[in-house]
Amino acid sequence: MFNFEWKKVGVIAGLSLSLVAAGCGQEDTDDTSNGNEANTSEEMNYTITGLEPGAGQTELNDQAIDEYESLAGWEQQTSSTGAMLATLDEAISNEEPIMITAWSPHFMFAAWDIKYLEDPKGIFGEEIHAATLVREGLQDDMPVAYTLLEQFNWDISDVDEALLKAEEEQLDMDVIAQEWVDENEETIAEWTSGVEQVDGTSIELAATTWDDALFTANIATIILEQQGFNVTLTPLDPAVVFESISSGDTDATLSPWLPTTHGALYEQHEGSFEDIGKNIEGGQLGLAVPTYMEEDSLEDFEPAE
């Protein structure tokens, strides 16, 4: 879910200071209209640092501004994901307050100490998870593969770290996946304990083209191949992933994010595949701030005067 092409924090952090000022609302905190010390909302110039105009979360941010009294009169500064992260990096370097658009899994949570703000109104929706879906009949046809697929699961922090490493070192996800396998032998031993070897059985996996999906799909590919499977992994558009699972052309996918991101596709094809469980839990959308900020909720801020 959460894929974009941002090359290096250090490179993007060199964007013009005007962008940083726009994103952070950087001001002299002593420069207030009434002579009092500026509060956090004033320091941020009552601004949410956002993404591209038209992005789904950009619209949710506008909805939050409309519905939270604490954000009344606030504005959203839109630009690009890379510019937003550059602004975040600059703000954290100076230990300044900032509110950004966030989602997980994403390497921003591995790169910086940030936290989601509580959303009492539920505008950004419930927690989401990545699901493992298999074609009907897979358990009977390939019980070994079914068992392995059912046991795959990752901590979301592992995924964040993998995405950060891919960005910092400019490595493809198959390389990152192999490194993760090499470094997590105990976890893989648990997944494969008691699982029989097969002899060249072919299995088709599908993944969306998002980096988190390619990371987990490549790990699954490596482990299945270690158990003797001949694996074909095909990156596809989400709609095609669901169509191929439902038709039986693909045996399994670990990519769908539910219940929201791919929920409509799930409902459209429900009954023509088997959902065998969650492989990543704790995914989220929302607004986030650095952990050094005292505010924990969207209701903790002050409306613009």
Side chains of V241 and T208: closer than 4.5 Å at any heavy-atom pair? yes
So, W180 and N218: side-chain donor and acceptor under 3.5 Å apart, yes or no? no
Donor-acceptor under 3.5 Å (D300 side chain, D296 main chain): yes
Using only atom types and a distance under 3.5 Å, with no angle test, would you say the side chain of D160 pairs donor to acceptor with the backbone of A110? no
So which atom in L133 and which in P256 form the shortest heavy-atom distance, rounded to 0.1 Å? CD1-CG, 3.7 Å
With the threshold set at 4.0 Å, does a side-chain nitrogen-carboxylate oxygen contact exist between R135 and D249? no
Do T40 and E295 have side-chain atoms, one donor and one acceptor, less than 3.5 Å apart? yes
Short question: side chain of Q178, backbone of V175 - any donor-acceptor pair under 3.5 Å? no
Begin from the C-alpha positions of W112 and H106 and carry the test ring pair (Phe, Tyr, Trp, His ring centres under 6.0 Å) through to its verdict. CA-CA 11 Å; W112 298 282; H106 192 281; 8.5 Å; no
Is a donor from one side chain sitting under 3.5 angstrom from an acceptor on the other, for Y146 and E274? yes
For residues L265 and Q268, determine if any side-chain heavy atom of one lies less than 4.5 Å from a side-chain heavy atom of the other. yes
Between the main-chain N or O of L205 and the side-chain N or O of D251, is there a donor-acceptor pair closer than 3.5 Å? no
Considering all heavy atoms, the nearest T101-G50 contact: OG1-CA, 3.5 Å
Does any N or O in the side chain of S272 come within less than 3.5 Å of the main-chain N or O of H269, such that one atom is a donor and the other an acceptor? yes
What do the steps show when you test L149 against F152 for side-chain contact (heavy atoms from CB on, under 4.5 Å), and what is the final call? CA-CA 5 Å; L149 290 161; F152 290 149; 4.0 Å; yes
Between I65 and I48, does the side-chain contact (heavy atoms from CB on, under 4.5 Å) criterion hold? Intermediate values first, please. CA-CA 9 Å; I65 290 171; I48 295 171; 3.9 Å; yes
For the atom pair CG (D155) and CG (D158), what is the distance rounded to the nearest 0.5 Å? 5.0 Å
Decide yes or no for M173 and D211: does some side-chain heavy atom of the first lie under 4.5 Å from some side-chain heavy atom of the second? yes
Would you say the side chain of E43 lies within less than 4.5 Å of the side chain of E96, judging by non-hydrogen atoms? no
Separation of E127 CD from T260 OG1 (nearest 0.5 Å): 10.5 Å
Evaluate side-chain contact (heavy atoms from CB on, under 4.5 Å) for Y266 paired with E270, printing each intermediate quantity in order. CA-CA 6 Å; Y266 187 97; E270 193 169 8; 3.8 Å; yes
Indicate whether any N or O donor in one side chain lies under 3.5 Å from an N or O acceptor in the other, for E52 and S79. no
Are W154 and W191 close enough that their ring centers fall under 6.0 Å? yes
Heavy atoms, side chains only, cut-off 4.5 Å: are P303 and E69 in contact? no
Taking atom types as modelled, find out whether Q63 and E67 have a side-chain donor-acceptor pair closer than 3.5 angstrom. yes
Is there a path from L171 to L233 through hydrophobic residues (I, L, V, M, F, W, Y) whose side chains come within less than 4.5 Å of each other? yes
Nearest heavy atoms of L298 and S70, plus distance in Å: O-OG, 2.5 Å
Polar side-chain atom of N279 near backbone of L254 as donor-acceptor pair, under 3.5 Å: yes
Determine the minimum heavy-atom distance between K165 and I176, stating which atoms define it. CG-CD1, 3.8 Å
CG-OG1 distance between L148 and T132, expressed to the nearest 0.5 angstrom: 11.5 Å
Does the side chain of Q76 come under 3.5 Å of the side chain of N61 through a donor N or O and an acceptor N or O? yes
Same cluster or not: W257 versus L236, using hydrophobic residues (I, L, V, M, F, W, Y) connected whenever any side-chain heavy atoms lie under 4.5 Å apart? no
Separation between CD of Q227 and OG1 of T147, rounded to the nearest 0.5 Å: 10.5 Å
Please step through side-chain contact (heavy atoms from CB on, under 4.5 Å) for the pair V159 and F215, ending with a clear verdict. CA-CA 8 Å; V159 183; F215 172 64; 4.3 Å; yes
Whether the side chain of T253 engages the backbone of A206 through a donor-acceptor N/O pair (distance < 3.5 Å, no angle test) should be reported. yes
When every non-hydrogen atom of A131 is compared with those of L258, the smallest separation belongs to CB-CD1, 3.6 Å
Can you name the nearest heavy-atom pair linking G286 to Y116, along with the distance? N-CE2, 3.8 Å
Please report whether the ring centroid of Y68 lies less than 6.0 Å from that of W74. no
Let me confirm one number: the CD-OG1 distance from Q197 to T201, rounded to the nearest 0.5 Å. 10.5 Å
Just so I know, are the side chains of T192 and Q226 near enough to count as touching, which here means a heavy-atom distance under 4.5 Å? no
Nearest 0.5 Å, what's the CG-CE distance between L117 and M293? 7.0 Å
Taking the side chain from S193 and the backbone from A189, do they hold a donor-acceptor pair closer than 3.5 Å? no
Can you find a pair of side-chain heavy atoms, one from M44 and one from M99, that are under 4.5 Å apart? yes
